[in-house]
Amino acid sequence: LKAHLNMLEEAAKRDHRKLGREMDLYHMQEEAPGQVFWHANGWTIYSTLQDYMRRKQTAGGYIEVNTPQVVDRKLWVASGHWDKYQENMFLVEVDEDHAREKAINALKPMNCPCHVQIFNQGLKSYRDLPLRMAEFGSCARYEPSGALHGIMRVRGFTQDDGHIFCREDQIETETAIYIEYLTSVYKDLGFKNFRIKYSDRPVNRSGSDEVWDRAEAALLSATRSAGIEPEMNPGEGAFYGPKLEFVLTDAIGRDWQCGTHQVDFVLPERLDASFIGEDGNKHRPVMLHRACLGSFERFIGILLEEHSGKLPLWLAPRQVVVASIVSDADEYVLSTVKTLKAAGIRVESDTRNEKINYKVREHSVAKVPIILAIGMREVEEKTVSIRRLGSKISQVVDIENLVKDLKIPLKKVAIELNHEIIDKNELNKIEIKIIPIIIIVNRILPYSSQPVNPESFAILLDRLSNCLLFFIRMYH
């Protein structure tokens, strides 16, 4: 009981709604229930996370697409969503040229039928598979007002959505590649451990039992071939296929289901997707639905609560605040801000006529990782007094060393996350011959454990070509 009460107390301190106000990240209001008004600080987190995911997806061989948000009812009927999911859809009636009957459209609750439409454009060959398609797709789903909860449970959200069109014999390889991809993303974002649940056919589903037998056997075999024995979660699959659920455990022991990976034989059949096989005949592709974060809104809420708002430096919306102790130091404050901005650091000045303790307290509550205080002593000595979030100890450093100290962790993270921001002025200090090897190994490593086959070999070649293009651009 005591442990449970302690957990509830800690959860209240980490509540993303409280942190959202303190950090000025977002707000929500009754005129748009279940939808987020992102403020500048919150949108910086959002866009930084999205940029990171875009780089990971590109490195993973995905093509990025974008599809309409308002789609005619006909497509949802054809896909099966109209029968199985209509109660969660927002409908829009349109009077098309004063027709007798109004056209019924829906805000898309998911992206998959639209991705099939892109796949269906033009003839596809077995050589084109696997085709990995990704979209930062904005979706809308009706949730009862009582179920809404900050940015964790909303009606309007954006997914890091992806669909892999492949042959049936490629399911195992693609599943293993995706699990490795997802593992690297979670590790980069501070989640080293997660569990995998296997969810099979629900009562309300599309497709025959024979199709479900094939899909369930393929996904379970692929998961076990990747060296993972999942937890069984009977009856919780999607209406079109079985799925894997990736469950994170946060710092206070709570579970969060985020990533998914689903095998779908049904939707390609319903929407008439096909490719030309090696035998010259038409075949149905298998569609693998996957999302890593789930939705950006919910995952940002999880990140805030995991870190108690103290986000990693690369993800913090305001990385540094430079505060004046006296007004005579304002000019040096602005000069310091200019220097830090030139180094690629997100920094703001605070020259208000307030006591320095008040400023430090205010920016600490807002979870700014680094606060620099500047008085006349710092102006004369061309230094700054630095205080890091969570520490009561201040340290005096000169501005040149400060820039180096801040750029080192940012650069380390940038290289680890494939940001590719290498300072050209420092390249002469590095053994150039080592850099290509480090980056090439970093890009190829996620695939090194896969068996050598035509698909994985093609991925290796693609990654090598990306590395060469990067160096051409960098040295141009």
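Since the model is a prediction, treat every value here as computed from it, not as a measurement.
Considering K13, R254, R14, R298 as possible partners of E305, the one that fulfils the salt bridge (charged side-chain N to carboxylate O under 4.0 Å, His left out) test is R254.
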- Message: Under the criterion salt bridge (charged side-chain N to carboxylate O under 4.0 Å, His left out), I'd like the reasoning laid out for R318 against E348: C-alpha separation, chi angles, the key distance, then a yes or no.
- Response: CA-CA 7 Å; R318 295 187 295 164; E348 294 180 4; 3.3 Å; yes
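With hydrogens and angles disregarded, no donor-acceptor distance shorter than 3.5 Å links the side chain of S308 to the backbone of K310.
Taking the six-membered ring for Trp and the full ring otherwise, the centers of H81 and F239 sit less than 6.0 Å from each other. Checked against a 6.0 Å centroid threshold, the rings of H149 and H16 count as neighbours. The distance between the ring centers of Y85 and W76 does not fall below 6.0 angstrom.
Ring geometry, Y186 versus F194: the interplanar angle exceeds 60°, so the pair is classed perpendicular (tilted spans 30 to 60°).
Looking at K243 and E245, a side-chain N of the basic residue comes within less than 4.0 Å of a carboxylate O on the acidic one, giving a salt bridge.
D160 is linked by a side chain to side chain contact (heavy atoms under 4.5 Å, CB included) to M53, Q57, F136, R290, A291, C292, L293, F296, counting only residues two or more places apart in sequence or in another chain. Residues meeting the side chain to side chain contact (heavy atoms under 4.5 Å, CB included) test with P230, sequence neighbours left out: I196, Y198, L220, T223. Residues meeting the salt bridge (Lys or Arg N to Asp or Glu O under 4.0 Å) test with R352, sequence neighbours left out: D350, E362.
Taking 4.5 Å as the limit, every side-chain heavy atom of N353 sits out of range of all side-chain heavy atoms of S327. Residues F246 and R195 form no side-chain contact, since every pair of their non-hydrogen atoms from C-beta on lies 4.5 Å or further apart.
Once rounded to the nearest 0.5 Å, the distance linking NE2 of H27 with NE2 of H39 reads 5.0 Å. Atoms NZ and CZ, on K108 and R141 in that order, are 11.5 Å from each other to the nearest 0.5 Å.
Counting all heavy atoms, side chain and backbone alike, Q262 lies closest to Y240 at OE1-OH, 2.6 Å.
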